[in-house]
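Below is one structure, written out as structure tokens; comments come after it.
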Amino acid sequence: MKKNSESSNNNIETKKLELTSRRDFFKKTAIYSASALTATSILAPVKINADEVEIMEDAQWGIKLGDLVDKYKYGIPSPYEHNNVRRLHDLLSSGDRYASVSMSPLHLQDGIITPNGLFFSRSHSGTAQVDPNKYRLMIHGLLEKPLVLTLEQLKRYPSESRIHFIECPANGSTGWRGPQFNNLQFVKGMMSSAEWTGVKLSVILEDLGLSPKAQWMLAEGSDNSEMARTIPIEKVLDDAMIVWGQNGEPLRPEQGYPVRLLVPGWEGNLNVKWLKRLEFSDKPWHSKEETSKYTMLQANGKAINYFWPMEVNSIITSPCPEVPWTDLKIGDTVEINGIAWSGRGTITTVDISLDGGQNWVEASLKGLILPKSWTRFSYIIKWDGKEKVLLSRAIDDSGHIQPSIDKLIQNVGVEGIYHRNPIVGWSVSSNGEVNNVHVRN
Amino acid sequence: MFTFEIKKIFIAFGITSSLMLSGCFAQSSTLENKVELKKNIDGAVIYPRENGKYNAYSINTQNIKNINNGRPATSNEIKAWDLDVMPDGTGLPEGQGLVEDGDELYSSQCAMCHGDFGSGGKGYPTLSGGQGSLKNQLLQAGDEPPVRTIGSYWPYASTLFWYVKSAMPFPHPKSLSNDEVYAITAYLLSINDITIDGVELDDEYVLDREKFLRIKMPNEDGFYPVSPERKDLKEQRVPLAQGTRCMKDCNAPKAVKIKNEITGFDPAISTVKDLPKTKDTSTSDTKNSAAAKNYEVSCSACHNNKVIGAPLFGDKDAWEEVMSKGISKVYENGLNGINAMPPKGGNIELSEKEFKDIVDYLINSSK
């Protein structure tokens, strides 16, 4: 037990002085380094082994009762974490905040699951608030038994849980003409990941007498925009799911409560929220979101349509502009940590470059390595205080390698909007600041 | 599967010792892996990792046919919900609409967002023009970008009919009759100079189902799924660009920095961990009122968007000027429509009382 009273008499004044000066020092130098205190070379007039007030004095929360255990019937984050939130920018909204997108703070996420309140949210006509008691799902078209399900009936199917990312194909699209946003949240925050619970569509369709002519499925939302997309039957029967659970609780309204479609690894837009209707046909529908949008105009004036998989990709999440290395001192051990993902399959390899692409080393993958899921990678270095350009390059088990910016632009031009997956660069200055850069020839 | 095998062992030999049980685990795995599995402090197996990975998902392999949840959809229910329209005309209802009527509907219900004659410019999509621009690439400031509109880009008119019918007007969709959708569609085609059988769609032109099915959009052939030669929609997608895996002495490009850093994030970018400033919650009651909710649904798309040009929510000066006409005139203008604002903001389902409550809420919130 440490108490101020234990400090012996005539030292106490000196100690208080030391503590005060240390506090001031912390205030002045917090931006550079807390651990720098032990680095005798940089530091000046502070006594090296000064006792910290945080330890020498009782913490405020330790000498009084805390909140009642049921203060929050549904728990919320610490009030100190109020900056760990989704963010918007008017550039990414179509005139208002109904047809808009909020970006997930990837720089404050660990592991491969996004907390539900931080999951990025894109909708075309606002977030619908669906009454689960009035919810109905209809499945019809080229099948023998058209079906209507209530939410409870749907949830009676045997369930499966899967960890998958969902990424808007416009993620990173502000970078086509050059680097624009100087933060990870807006460079790559149009994606998030969750453990989804629901039923595979193949299980439901098993009993409905699907016609062999059924080659395409329309999925339509019940919201104001009735967002609708066409999906090929091969994908529907492979791993598409109807989901109602997100990280152990019902879907959040922004994610389509009570029911959304999950199309693992493919364009986020296909994962239709507030799901209302599935129809089967021998032809695709050419809905608004697969003609006027989510098609990629090429330099030849023609556009690629029905391009579904989110391609192999990676991003270093630490360091990044929001989480720099300004607190490091030379010789510190530091981890380069990031996320790799591929909508086609499983990540096999991630390479890291510290010198802007001249030389590369293979990073370690860590944690769960699952198909169509965020996969964490790690590479540990000793900080030498020298300028760097950090790059990451992912490879998936379909054999696809994340391309350079030049290679992608050479192939598709700069007006495609969607499916932009080239290597991302962070420059690190000698004082540890991190900035968004594009490596170009 | 493991559990199943263990159950059999239980039944056959009645083995209850946890030590023996963990022995079984070890043994059955050893057969495959030829590795003596380690145990953790609780006596359970520590599985080895193969190729740097643990296993992926396990699944229930029982037969799960004939679940028979739910009930059959009735034909009337399917008819009520199946409103989509396909390029071959499947789902296109009977009806007709005059270009001139479409012009009027567009002016009152669409122009406030999409601009006069579909010119856009208010953050919402531009609906006309752009023909011949699709090869443009905006590589540097001053370059003309491609302009993707109904006329220059959309491959099928069916998409337009379906979308207007199910999702427009933005604040209160599904409020247009089939005839009105035909009229607005006809107007949108006319301002894009699209002809049907060589006939221009002038003000007197009446679009109906039969004529609609003969529309060929200018950019119908402007799309391909995989590569320009191939139209097979199900062919495997090749990557848009394949990288190369060079590890040493690669051709190192230059790092290009951000030229003009973008600001204006909401909220501002920060990772500071401190206590948030407390907000004034005294108005929370009014915020939850019916009028506030109706405002959100029916009015905010314009009155919360400065580019639209309507008096903004919370803009004291603007609403003082509006109020200089007197409240009864303000009610009257709102109920009947004024400038770009359609009657009741376009939501005709609002009662007069509900609408006046919204006006009061808007004015009280802008003092």
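Sequence lines set the chain letters: A, B, ... in the order given, protein chains first and strands last, and positions in each chain run from 1.
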Q) If you count heavy-atom pairs under 4.5 Å between each of A:Glu152, A:Arg177, A:Arg156 and chain B, which one has the most? A) A:Arg177
Q | Residue B:Asn260 excluded, over 12 heavy atoms near CG under 6.0 Å | A | no
Q. What option among A:Leu149, A:Asn411, A:Leu88 has the most heavy-atom pairs under 4.5 Å with chain B?
A. A:Leu88
Q.
Evaluate B:Phe223 against B:Tyr153 for ring-ring contact (aromatic ring centres under 6.0 Å, His included), listing each step before the verdict.
A. CA-CA 9 Å; B:Phe223 295 82; B:Tyr153 198 65; 5.1 Å; yes
Q | Option that, when pairs with chain A are counted at under 4.5 Å, heavy atom only, ranks first among B:Pro72, B:Pro267, B:Ala268, B:Ala255 | A | B:Pro267
Q: Go through B:Gly264, B:Ala167, B:Pro276 and name the one with the most non-hydrogen pairs under 4.5 angstrom from chain A.
A: B:Pro276
Q. Does B:Arg230 make a cation-pi contact with B:Tyr224 (under 6.0 Å, within 45 degrees of the axis)?
A. no
**Q.** From CA spacing to verdict: ring-ring contact (aromatic ring centres under 6.0 Å, His included), A:Phe181, B:Phe265
**A.** CA-CA 10 Å; A:Phe181 288 117; B:Phe265 302 102; 5.6 Å; yes
(Q) Heavy-atom pairs under 4.5 Å with chain A - which of B:Thr271, B:Ile269, B:Val272, B:Asn66 has more of them than the others? (A) B:Ile269
Q. For B:Asn136, is it the side chain, the backbone, both or neither that has a heavy atom under 4.5 Å from a heavy atom of chain A?
A. backbone
Q. At a heavy-atom separation under 4.5 Å, does A:Leu91 approach chain B through its side chain, its backbone, both, or neither?
A. side chain
Q. Side chain, backbone, both or neither: which part of A:Arg86 has an atom under 4.5 Å from a heavy atom of chain B?
A. backbone
**Q.** CE-CZ distance between A:Met296 and A:Arg420, expressed to the nearest 0.5 angstrom
**A.** 14.0 Å
Q: Count the heavy-atom pairs under 4.5 Å between each of A:Gly357, A:Pro403, A:Ala303 and chain B, then report the option with the highest count.
A: A:Ala303
Q.
Need one label for B:Thr74: side chain, backbone, both or neither, based on atoms under 4.5 Å from any heavy atom in chain A.
A. neither
Q.
If we define contacts as heavy-atom pairs under 4.5 Å, which of A:Gln153, A:His286, A:His140 has the most with chain B?
A. A:His286
Q: Select one option (side chain, backbone, both, neither) describing which atoms of B:Thr263 are under 4.5 Å from chain A's heavy atoms.
A: backbone
Q. Would you say B:Lys231 has more than 12 foreign heavy atoms packed within less than 6.0 Å of its NZ?
A. yes
Q | Contacting region of B:Tyr156 [heavy-atom separation from chain A under 4.5 Å] | A | side chain
**Q.** Proximal component of B:Arg245, with respect to chain A [non-hydrogen, under 4.5 Å]
**A.** both
Q: Applying ring-ring contact (aromatic ring centres under 6.0 Å, His included), run through B:Phe313 and B:His303 and close with a yes or a no.
A: CA-CA 6 Å; B:Phe313 185 90; B:His303 286 284; 9.1 Å; no
(Q) Looking at chain A, which one of B:Lys174, B:Lys257, B:Lys259, B:His172 has the largest number of heavy-atom pairs inside 4.5 Å, strictly under? (A) B:Lys174
Q) For A:Met227, is it the side chain, the backbone, both or neither that has a heavy atom under 4.5 Å from a heavy atom of chain B? A) neither
Q: Examine A:Lys276 relative to B:Trp81 and say whether NZ or CZ is less than 6.0 Å from the centre of the six-membered ring and inside a 45° cone about the ring axis.
A: yes
Q. Which residue out of A:Glu234, A:Lys145, A:His419, A:Glu160 racks up the most heavy-atom pairs below 4.5 Å with chain B?
A. A:Glu234
Q: Identify which part of B:Leu160 has an atom lying under 4.5 Å from any heavy atom of chain A, answering side chain, backbone, both or neither.
A: neither
Q | Residue part contacting chain B, namely of A:Gln358, when any heavy atom lies under 4.5 Å | A | both
Q) With chain A, which of B:Cys113, B:Cys246, B:Ser133, B:Ser75 has the greatest number of heavy-atom pairs at distances under 4.5 Å? A) B:Cys246
Q: Hey, can you tell me if B:Tyr124 and B:Phe170 have their rings parallel, tilted or perpendicular (30° and 60° cut-offs)?
A: perpendicular
Q | Proximity breakdown for B:Glu77 and chain A, heavy-atom pairs closer than 4.5 Å | A | both
Q: Please look at A:Gln298 and chain B and tell me whether the side chain, the backbone, both or neither of the residue comes under 4.5 angstrom of a heavy atom of that chain.
A: both
Q.
Under 4.5 Å from any heavy atom of chain A, what part of B:Trp162 do you find: side chain, backbone, both or neither?
A. side chain
**Q.** Option in A:Thr295, A:Val203, A:Val361, A:Asn436 with maximal non-hydrogen atom pairs under 4.5 Å from chain B
**A.** A:Thr295
Q: Quick one: which of B:Pro146, B:Gly91, B:Pro171 has the most heavy-atom pairs under 4.5 Å with chain A, could you say?
A: B:Pro146
**Q.** Stacked cation flag A:Lys388 on A:Trp426, 6.0 angstrom / 45 deg
**A.** no
Q. Crowded around B:Arg71 CZ? As in, over 12 foreign heavy atoms under 6.0 Å?
A. yes
Q: Below 4.5 Å from any heavy atom of chain B, which atoms of A:Ser427 appear? Answer side chain, backbone, both or neither.
A: neither
Q: Go through the atoms of A:Gln215 and report whether side chain, backbone, both or neither lie under 4.5 Å from a heavy atom of chain B.
A: both
Q: Select one option (side chain, backbone, both, neither) describing which atoms of A:Asp351 are under 4.5 Å from chain B's heavy atoms.
A: side chain
